[in-house]
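Here's the structure we're looking at; comments come further down.
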Amino acid sequence: MSVTQGGRSPVYVRPMPRTWWLRTRRYRRFAIRELTSVAVTASSVILLALLFALSRGRDAYEGFLGWLDSSGAVVLSAIILAGVLYHTITWLRLTAHIQVVRLGRRVLPRHLVLAGLLTLWVAVSAIVAYLHIWL
Amino acid sequence: MGKRTKMLRVARYRPERAPTPYFDEYEVPYADDTVVLDALNHIKDDIDGSLSFRWSCRMGVCGSCGMMVNGEPRLTCAAFLREFPARSAIVVEPLQYFPVIRDLVVDMSDFLDKLKEVKPWMIRAEEKAVEAGEYLQTPEEIDVYTQFSGCINCMLCYSACPVVGQDPEFLGPAAIALAHRYNLDSRDEGRAERREVLGQETGVWDCTFVGACTEVCPKDVDPAAAIQRSKVEAATHGLQALVWPFGRRA
């Protein structure tokens, strides 16, 4: 699109295509990261639905558990799990990029900050799993 | 230049001849140390004198020779012809997301306005007298902002950022990184003034953290980190204002 500004020669403004996010690898990586947030939402919705079923009594709760055991729900859960894992790991990677940990004049390398965050995540997940499965 | 040759497909925009850009192809000789900027200068000197582009230092310092090379924002003085596949032409275009004035020359006036907007200079509540001496800093205080002071205003980060493409009002990576640099400087007291600019909708909150700005930065300034840290700073300040509305805050 050619645009004339105050008597000067027209400048050309290039249009941005709708498919800009497919153009480069880093744009595609960003798009996948954003898209996997849908999986995070879906896992939250399933958890809320489980709590809602629980509030409606034993039959509703067991009915919901039965649906979770169906092959369709297992496939859906596997897709959601993959999305949530990807989103969480990339999110922690970005957090390590932002978070500066200084030790005097030295800055803790990003991979160590990331390792700390991942360890914390795994530890918290293990505690939640322990409480959920064995208690 | 050597005996080997490579094809360059160069975007041309000459509004007096055609209303839209088009491409011209040029075959240029090259050696291992030939960069895209050398090839463009060869075209201008020996093949087609009408080609327009900006350049100055040829050593990655001035930041004026940024262009899209095979779809990537690059300093053409640091893009060697030998890096690119032998068979296909190297496509050279003006920096994307900027209006094109002519051929490979973009209009950078909007970018310069944005830089000015963040007040990239030392702001003091009260200047001390010259006789009182310098504003001293410890090495630790210098370390805090050094990385963000390396910007050469090459605009590659703007050209990599899809948010800039979609919202031309976005303050953009380099301007925010520069604001962050001054905010981190122990001699500066202008954080509150810059917060008004950074905190607006087209400031730090427009950024979706694609991270492309950091990946293309030739000086490792890491604008993406500067923007996210500015977001943390703005959010912390907002929270402090909510919890303790009458207190003195940084």
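Here is how names work: the chains are called A, B, and so on, in the same order as the sequence lines, proteins then strands, and each is numbered from 1.
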Give me the ring orientation class for A/Tyr12 and B/Tyr13: parallel if the planes are under 30° apart, tilted from 30 to 60°, perpendicular past 60°.
-> tilted

Which atoms of [X] approach chain A - backbone, side chain, both or neither, heavy atom under 4.5 Å:
X: B/Pro94; answer: both
X: B/Val106; answer: side chain
X: B/Thr208; answer: both

Pairs of heavy atoms under 4.5 Å with chain A: top-ranked of [options]:
options: B/Val100, B/Ile227, B/Thr214; answer: B/Val100
options: B/Gly165, B/Ala224, B/Pro162, B/Gly211; answer: B/Pro162
options: B/Gln166, B/Gln228, B/Lys231; answer: B/Gln166
options: B/Val232, B/Ile101, B/Thr138, B/Asp143; answer: B/Asp143
options: B/Gly71, B/Pro21, B/Pro15; answer: B/Pro21

Report, as yes or no, whether the 6.0 Å neighbourhood of atom [atom1] on [X] holds more than 12 heavy atoms from other residues, nucleotides or ligands.
X: A/Arg56; atom1: CZ; value: no
X: B/Glu201; atom1: CD; value: no
X: A/Phe52; atom1: CZ; value: no
X: B/Glu134; atom1: CD; value: no
X: A/Asp59; atom1: CG; value: no

Rounded distance (nearest 0.5 Å) linking atom CZ of B/Phe209 with atom CH2 of A/Trp91 = 11.0 Å

For the pair A/Arg106 and B/Glu140, find out whether any cationic side-chain nitrogen is under 4.0 Å from an anionic carboxylate oxygen.
-> no

Hey, are B/Glu72 and A/Arg26 close enough for a salt bridge, meaning a charged N less than 4.0 Å from a carboxylate O?
->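 Yes, B/Glu72 and A/Arg26 are salt-bridged.
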
With respect to chain B, which residue among [options] yields the maximal number of heavy-atom pairs within a distance under 4.5 Å?
options: A/Trp20, A/Trp21, A/Phe30; result: A/Phe30
options: A/Arg102, A/Glu34, A/Gln99; result: A/Arg102
options: A/Thr24, A/Ile98, A/Val107; result: A/Ile98

Determine the minimum heavy-atom distance between A/Tyr27 and B/Ala212, stating which atoms define it.
-> CE2-CB, 4.3 Å

Note, B/Val210 side chain near A/Arg29 side chain (heavy atom, < 4.5 Å) | no

Honestly, the part of A/Arg25 sitting under 4.5 Å from a heavy atom of chain B is neither

Audit row: A/Val100, B/Arg229, side chain to side chain contact (heavy atoms under 4.5 Å, CB included) steps and yes/no | CA-CA 9 Å; A/Val100 183; B/Arg229 287 175 204 160; 3.1 Å; yes

Without swapping roles, check the side chain of A/Arg14 against the backbone of B/Phe98 for a donor-acceptor pair under 3.5 Å.
-> yes

